[in-house]
Asker: 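What follows is a single structure, and I will ask about it in a moment.
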Amino acid sequence: MRRIHTDVLGRLGVGLRADVQAMVSQIPGASMSVLSERRALVGKIMVNREERFVLKAGASSVESIAREWKTISKLGDAQNRRRVAFRDSRNGRVALLRWVDGEDLSSALRRHPERLLPLLAAARAELVDTHHSGAFHGDIQPAHLRVRGTRIRLIDFGEAGNAGLYGGGLVYYAAPENAAMLLENERATRGPEEDWHALIASFAAATIGAHPVTLTATHPSFRDKMLAVRRRSFAPPPAQSTPEVRALFGLLSVEPEDRQPGLASLLARYERTS
């Protein structure tokens, strides 16, 4: 393995850097580049110029790394096979997962808008399976939906877990009822209704190439964003949109209990007419 330059390992402590080096050194011919350095370091590992693994490392206080590792173990063989190695020490936590091939939802629909319904059906099936495994994702967004052909895999389970209170996922895809809780300085609720709204919002965003929330402020604050979501201030679909896209946008404003049935109804209606 080519040694990882210390700049790539960002602000990790000396001990955690050593743990990362030790884990990656077991992969012949590996090199790593950084994808993100927000709460934890997220790196993409290449082998012979091919994407093979994703590595996540952070302090012991970064619960998302252990949470994702534990959640994936519940999700059946296809997801569980992604787990390669996990280390939890006084230095911090490191997880190594197999890379999921494909492109994000926005890129996929930009190139193939005609695949909206097959991809929506595949995403619905993926989320149903995830919920049946007893886990709720908590942070669905276009970047966390990996597309390959007409298949979809959910990735990035750092906010996943059982139903209950949590910090919330990306603001723009939050359900209106969670936005209301966050505005009152309360925690959001992780559960099926949040996931279904975020899935619908992700597809709506991918069809228009922008966040589905309408904001008037040039540089909106977190509170501005939450207010817009709570008010259900969603962008209308483009004027030239197909009937199924308009129906999808309509689901952004339905009551929480109607999101999953509404999506199933939309798919059944347009699959019969296609």
Side-chain angles (χ1 to χ4, degrees), residues 35-36 38 42 44 51 53-54 56 64 67-68 71-72 74-76 78-82 97-133 135-161 166 168-175 178 188 190-213 229 234-235 237 244-245 247-249 251-252 259-260 262-264 266-267 270:
L35 297 176
S36 171
R38 284 196 306 158
V42 181
K44 175 172 64 177
E51 297 161 330
F53 304 96
V54 60
K56 302 187 178 185
S64 59
R67 188 185 298 122
E68 179 170 32
T71 299
I72 288 177
K74 302 178 180 179
L75 299 180
Q79 287 280 13
N80 198 25
R81 281 195 295 269
R82 293 186 58 213
L97 303 168
R98 286 187 174 83
W99 185 263
V100 177
D101 290 330
E103 57 187 331
D104 68 79
L105 180 66
S106 295
S107 298
L109 284 179
R110 189 182 310 119
R111 295 196 308 112
H112 295 287
E114 74 282 359
R115 292 182 181 173
L116 172 63
L117 290 178
L119 289 176
L120 196 54
R124 176 179 175 270
E126 175 82 351
L127 189 53
V128 167
D129 287 346
T130 299
H131 289 175
H132 282 173
S133 298
F136 302 100
H137 190 281
D139 192 21
I140 295 175
Q141 52 182 278
H144 295 167
L145 291 158
R146 299 291 289 181
V147 179
R148 191 175 185 185
T150 56
R151 293 181 297 170
I152 281 192
R153 290 275 293 278
L154 273 168
I155 63 169
D156 205 332
F157 288 85
E159 296 293 341
Y166 79 124
L170 189 60
V171 171
Y172 291 106
Y173 304 98
N178 270 342
R190 183 198 297 114
E193 292 82 7
E194 168 67 22
D195 275 0
W196 286 112
H197 176 87
L199 184 71
I200 293 163
S202 293
F203 271 84
T207 63
I208 62 174
H211 296 304
V213 177
V229 175
F234 300 118
E244 54 264 36
V245 169
L248 176 68
F249 271 75
L251 292 176
L252 287 169
R259 289 168 188 153
Q260 183 183 5
L263 185 56
L266 182 156
L267 287 167
Y270 288 105

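Heavy atoms only: backbone and side chains are in, while hydrogens, waters and symmetry mates are out.
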Asker: Going by salt bridge (Lys or Arg N to Asp or Glu O under 4.0 Å), name the residues that satisfy it together with R111, two or more places apart in sequence or in a different chain.
Answerer: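 Counting only residues at least two positions away or on another chain, R111 forms a salt bridge (Lys or Arg N to Asp or Glu O under 4.0 Å) with E103.
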Asker: Could you measure the distance from the CG atom of L263 to the CZ atom of R259? Nearest 0.5 Å is fine.
Answerer: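 Spacing of CG (L263) from CZ (R259) equals 12.0 Å.
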Asker: Please name the pair of heavy atoms, one in D139 and one in L170, separated by the smallest distance, quoted to 0.1 Å.
Answerer: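 In this case the closest contact between D139 and L170 is OD1-N, 2.9 Å.
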Asker: To the nearest 0.5 Å, tell me how far D101 CG sits from R148 CZ.
Answerer: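 It is 5.0 Å, given to the nearest 0.5 Å.
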Asker: For residues S202 and L105, report the shortest heavy-atom separation together with the two atoms involved.
Answerer: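 Looking at all heavy atoms of both residues, the closest pair is O-CD2, 3.8 Å.
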Asker: For the CD1 atom of I152 and the CZ atom of R115, what is their distance to the nearest 0.5 Å?
Answerer: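 Here the interatomic distance stands at 11.0 Å.
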Asker: Does R190 qualify as a cation-pi partner of Y166, given the criterion of NZ or CZ under 6.0 Å from the six-membered ring centre and within 45 degrees of its axis?
Answerer: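 Output yes; distance and angle both within limits.
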Asker: What is the distance from atom CG of L154 to atom CZ of R146, rounded to the nearest 0.5 Å?
Answerer: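 L154 atom CG to R146 atom CZ measures 12.0 Å (nearest 0.5 Å).
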Asker: Tell me, which pairs form a salt bridge (charged side-chain N to carboxylate O under 4.0 Å, His left out) where one or both residues lie in residues 193-207, sequence neighbours left out?
Answerer: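 Residue pairs passing salt bridge (charged side-chain N to carboxylate O under 4.0 Å, His left out), neighbours aside: none found.
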Asker: Could you work out, with salt bridge (Lys or Arg N to Asp or Glu O under 4.0 Å) as the rule, every residue matching K74, not counting sequence neighbours?
Answerer: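 Per chain and number, K74 pairs via salt bridge (Lys or Arg N to Asp or Glu O under 4.0 Å) with no residue.
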Asker: With sequence neighbours excluded, what pairs up with E68 under the salt bridge (Lys or Arg N to Asp or Glu O under 4.0 Å) test?
Answerer: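 If we apply the salt bridge (Lys or Arg N to Asp or Glu O under 4.0 Å) test to E68, skipping adjacent residues, the hits are K56.
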Asker: The test is ring-ring contact (aromatic ring centres under 6.0 Å, His included); show your working for Y173 and H197 and say whether it passes.
Answerer: CA-CA 7 Å; Y173 304 98; H197 176 87; 8.8 Å; no
Asker: Under 3.5 Å, side chain of R98 to main-chain N/O of R81, donor-acceptor pair present?
Answerer: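 Flag set: sc R98 to bb R81 pair under 3.5 Å.
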Asker: Do Q260 and V128 come within less than 4.5 Å of each other through their side chains, counting heavy atoms only?
Answerer: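 Contact flag for Q260/V128 side chains = yes.
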Asker: Could you go through the side-chain contact (heavy atoms from CB on, under 4.5 Å) check for V147 and L109 one step at a time?
Answerer: CA-CA 9 Å; V147 179; L109 284 179; over 6 Å; no
Asker: Measuring from F203:CZ to L120:CG, what's the distance to the nearest 0.5 Å?
Answerer: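 These two atoms lie 5.0 Å from each other.
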Asker: My understanding is that only residues two or more places apart in sequence, or in another chain, count here; which of them pass salt bridge (Lys or Arg N to Asp or Glu O under 4.0 Å) with D129?
Answerer: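 Not a single residue meets the salt bridge (Lys or Arg N to Asp or Glu O under 4.0 Å) criterion with D129.
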Asker: Tell me, please, which residues at least two apart from F53 pass ring pair (Phe, Tyr, Trp, His ring centres under 6.0 Å).
Answerer: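 None.
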Asker: Pair H137, H131 - check side-chain contact (heavy atoms from CB on, under 4.5 Å), show working.
Answerer: CA-CA 8 Å; H137 190 281; H131 289 175; over 6 Å; no
